Each structure stands twice: as C-alpha cells, then as structure tokens.
Amino acid sequence: MESFEVILKPICLVILIVLCLHAMPSSCNFTSFVFGDSLVDAGNNDYILTLSKADSPPYGIDFTPSGGQPTGRFTNGRTIADIVGQSLGAKSFPPPYLAPNTEALAILRGINYASGASGIMDKTGFFFIGRIPLGEQVSNFEQNRIYMVNAMGENYTRKFLKKAIFSLTIGSNDVLNYIQPSIPFLRHDKVSPTTFLDFMISNLTLQLERLHEMGARKFIVVGVGPLGCIPFVRALKLLRSGQCSSAVNALIQAYNQRLKELLSRLNQEMGPETIFVFANSYDVFMDIIANYHQYG
C-alpha cells in the first residue's frame, strides 16, 4: 500500500486545505461519513446475504488494527478512504453501519455505509444478490441522523454535520454492469451511452441533494477510475497484455466530466457554506499505470 500513499498524499493535502479552510479557519475536527462500493466498504457486506464478501484471507493480511485478520475490507490492508482519512487527521476508522452498537459512534467517529457490489443505481450488482445501493446507504444515514437529533437536538446536530466530511466513492459497478454483454434469458436492450450517463448523474444528484437537505455541507466525490485497464475488462474485450479498452475509458472520462460539471453547479447553487470537491482518481491511477516504476 506504500505506493498508493505516495501518490495520495498530495491529493490529501489539497483536500485538507480546501475543506479545513472553508468555514473552519482555526482547526479541522475530522469526522467522516463514507458512502460507496467495495473500494471503501469497511465490512457492511459481512452482515448481509451476498456473494460479494471479503471475510476470508488474504483479505486483511496487512491491516494492523485487526492483527492481519479479514475485516470485510476488499483489500489486503486499508481502503483508500482509510488512507485519506488518516492523512486528514482521523485517529480511527469509521465503523461499518451494520456492525452492532455503532449508533453512538456516529457522533465520535462517523460511520461507513459503503457496500461491495453496490452502485449509484438500485439495480446495479443484482447478480451478487445482496448489496446496499447508494440510495439505501443515504437512508441508513438518515436513521443515524434521527439518533443524533434524539441525543443532541436538531440545532447541535446541524452544527455537527456542518463540520463533518461526506465522501462518496461509487459508480464503478454501474459502468461495469453497463458494458457487460446481456445474458440471453435476461435480455434487454441497453440504453445509449448518453442516456446511461444521464441516469447515473441524475440519480447521484438526487442523493447529494438528500444529504445536503439533512445537513451535509462538505463533500468529497470520487470519480470513476480507468476501468478499461483492469484485468476483467481487458479479458472481456479480448485485449492483448498491456492494452486498455479505449472505449470503456472514454465512457468513464465522459462520466467524470459530467460529474465535475455537476459538482461545479452545486457549488454555485448551494451557497457559500457548502463545498463539493472532485477527487480525480482516473488521472491518479493512469499515472500509476504509465509510471509504475516510480511507485515500486
């Protein structure tokens, strides 16, 4: 994971400066609410019936807090959200929403709502049976918010949420589902790429607006990475070793551009107390692929 830390540190610094100086000039009290898919799932899928699980070795072998045991994270160690959170000053990791007795921890450490195989759209990942789509993740936060209001009152809850950071790392599974060939007995005509992107952006907009209405003011929204270069897509497209799917990456770049435009618009519309930061994961990982020798 050291190679990821080397390239993520400059990004973390930029995010820290933007978020901490925005409406918080004196300090940065870091509480995080994490939404997304397997890239940031901290163990929620361990508690549901699903084919998408990370509850056995080698998952977790480098995760120090668990002594190398699986935690439900889809990685050998920390997730990107864990790495960025620690770089921004977090002293502990937000626990998974579905783990027992996490409600009270929401006030102290935040909560992780992410779920492997999930997507922006509800139907994404249905082949894995169980998963928690983004809309349901936001509804789970709404339940935690009710607990906060009961514990602290509405005014203090809004002040608390105003300082918290809400990160969303999701969209990869929506793209992967879209590019896969249709299964004959479940055959349905695919919408055009433009219509597909419209669906993604409109559904994401709805969830961002829901979070804002509930008091969220600081958002980190992560773009989709270069999925055209992952082994699954290269095998699916019958590409030679070292090649990436230009068509898949072009679709992702179109989505990321639409996402940046959305966040820019929301920054203008939602007033000076709200900030949306776009995290450009695509260029980060393309740089790793192109200059791998610099990262070990």
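Just so you know, these numbers come straight off a predicted model, no measurement behind them.
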Check the angle between the aromatic planes of Tyr113 and Phe35 and answer parallel, tilted or perpendicular using the 30° and 60° thresholds. parallel

With a 3.5 Å cut-off and no angle check, do the side chains of Gln257 and Glu261 form a donor-acceptor pair? yes

So Phe285 and Asp283, do their side chains get closer than 4.5 Å, heavy atoms only? no

Asn291 atom CG: more than 12 heavy-atom contacts under 6.0 Å: yes

Validate the cation-pi geometry between Lys190 and Tyr178: distance from NZ or CZ to the six-membered ring centre under 6.0 Å, angle to the ring axis within 45°. yes

Distance-only donor-acceptor pairs under 3.5 Å for side chains of residues 233-241, two or more places apart:
residue : atom : partner : partner atom : Å
Arg234  : NE   : Gln243  : O            : 3.3
Arg234  : NH1  : Cys229  : O            : 3.4

Does the side chain of Val221 come within less than 4.5 Å of Val277's, by heavy atoms? no

Distance col, row Phe33:CZ vs Gln137:CD, nearest 0.5 angstrom, shows 14.0 Å

Test Asp198 against Arg258 for side chain to side chain contact (heavy atoms under 4.5 Å, CB included), laying out the working first. CA-CA 9 Å; Asp198 287 342; Arg258 294 276 300 272; 2.7 Å; yes

CG of Leu134 to CD1 of Ile120: how many Å apart, nearest 0.5 Å? 7.0 Å

Can you see whether Ser115 engages Asn45 through a side-chain donor-acceptor pair at a distance of less than 3.5 angstrom? yes

Flag for Thr205-Ser202: side-chain donor and acceptor within less than 3.5 Å: no

So, Asn112 side chain and Pro94 main chain: donor-acceptor pair closer than 3.5 Å or not? no

With no hydrogens and no angle check, do the side chains of Asn267 and Ser264 hold a donor and an acceptor under 3.5 Å apart? no

Please enumerate all residues that pass salt bridge (Lys or Arg N to Asp or Glu O under 4.0 Å) together with Asp55, with sequence neighbours excluded. none

Is the Phe219 ring parallel, tilted or perpendicular to the Phe276 ring (thresholds 30°, 60°)? parallel

Here the gap from Met200 atom CE to Tyr255 atom OH, rounded to the nearest 0.5 Å, amounts to 4.5 Å

Heavy-atom side-chain proximity of Leu208 to Phe166 below 4.5 angstrom: no

When you measure from the side chain of Asn44 to the backbone N and O of Tyr97, does any donor-acceptor pair fall under 3.5 Å? yes

I would like to know whether Leu266 and His212 meet side chain to side chain contact (heavy atoms under 4.5 Å, CB included); could you show each step before the answer? CA-CA 10 Å; Leu266 293 177; His212 182 267; over 6 Å; no

Ring pair (Phe, Tyr, Trp, His ring centres under 6.0 Å) involving Phe128 - partner list, sequence neighbours excluded: none

Distance-minimising heavy-atom pair for Tyr282 and Val224: CB-O, 3.6 Å

Do you know the tightest heavy-atom contact between Pro57 and Pro70? N-CG, 3.7 Å

Would you mind checking if Asp37 and Arg131 are paired as a salt bridge, meaning a charged N to carboxylate O distance below 4.0 Å? no

For Lys218, is there any backbone N or O sitting under 3.5 Å from a side-chain donor or acceptor partner on Lys162? no

Between atom CG of Asn144 and atom CE of Met214, what is the distance when rounded to the nearest 0.5 Å? 10.5 Å

CG of Asp82 to OG of Ser92, rounded to nearest 0.5 Å, is 10.5 Å

Carboxylate-amine/guanidinium proximity below 4.0 Å for Arg145 and Glu154: yes

Verify, without hydrogens or angle tests, whether Ser281 (side chain) and Gly223 (backbone) share a donor-acceptor contact under 3.5 angstrom. yes

Between Arg217 and Lys163, is there a side-chain heavy-atom distance shorter than 4.5 Å? no

With heavy-atom distances below 4.5 Å as the criterion, would you say the side chains of Ile230 and Leu176 are in contact? yes

Is Asp62 paired with Arg78 through a side-chain N to carboxylate O contact shorter than 4.0 Å? no

What one should report as the nearest heavy-atom pair of Leu49 and Ile129 is O-CG2, 4.1 Å

Just by distance, with hydrogens left out, do Thr75 and Arg73 show a side-chain donor and acceptor under 3.5 Å apart? no

Can you confirm whether more than 12 heavy atoms, excluding those of Glu269, are under 6.0 Å from its CD atom? yes

Close side-chain approach of Arg109 and Pro95, heavy atoms under 4.5 Å: yes

Considering non-hydrogen atoms only, spot the tightest contact between Ile252 and Gly225 and give its length. CD1-O, 3.3 Å

Could you walk me through whether Ser246 and Asn249 pass side-chain hydrogen bond (donor to acceptor under 3.5 Å, both in side chains), step by step? CA-CA 5 Å; Ser246 57; Asn249 282 347; over 6 Å; no

Donor + acceptor pair across side chains of Asp174, Thr124 (<3.5 Å): yes

For Thr195 and Ser192, the nearest pair of non-hydrogen atoms, with its separation, is OG1-OG, 2.9 Å

Between CG on residue Leu197 and CG on residue Leu251, distance to nearest 0.5 Å: 5.0 Å

Close side-chain approach of Ile111 and Phe141, heavy atoms under 4.5 Å: no

Could you walk me through whether Phe232 and Gln180 pass the side chain to side chain contact (heavy atoms under 4.5 Å, CB included) check? CA-CA 10 Å; Phe232 171 75; Gln180 290 181 61; 3.9 Å; yes

Between the side chain of Thr50 and the main-chain N/O of Gly130, is any donor-acceptor distance below 3.5 Å? yes

Would you say Arg265 and Gln268 are linked by a side-chain donor-acceptor pair, where the criterion is simply a distance under 3.5 Å? no

Return yes if some donor-acceptor pair links the side-chain N/O of Asp41 with the main-chain N/O of Phe74 below 3.5 Å, else return no. no

Side chain to side chain contact (heavy atoms under 4.5 Å, CB included) between Asp46 and Thr71, worked out: CA-CA 8 Å; Asp46 282 356; Thr71 63; over 6 Å; no

Please answer whether the main-chain N or O of Gly135 pairs with a side-chain N or O of Ser139 as donor and acceptor at a distance below 3.5 Å. yes

Quick one: does Ser118's side chain get under 4.5 Å of Ile170's, heavy atoms only? yes

At their closest point, which heavy atom of Phe93 faces which heavy atom of Pro65, and how far apart are they? CE1-CG, 3.8 Å

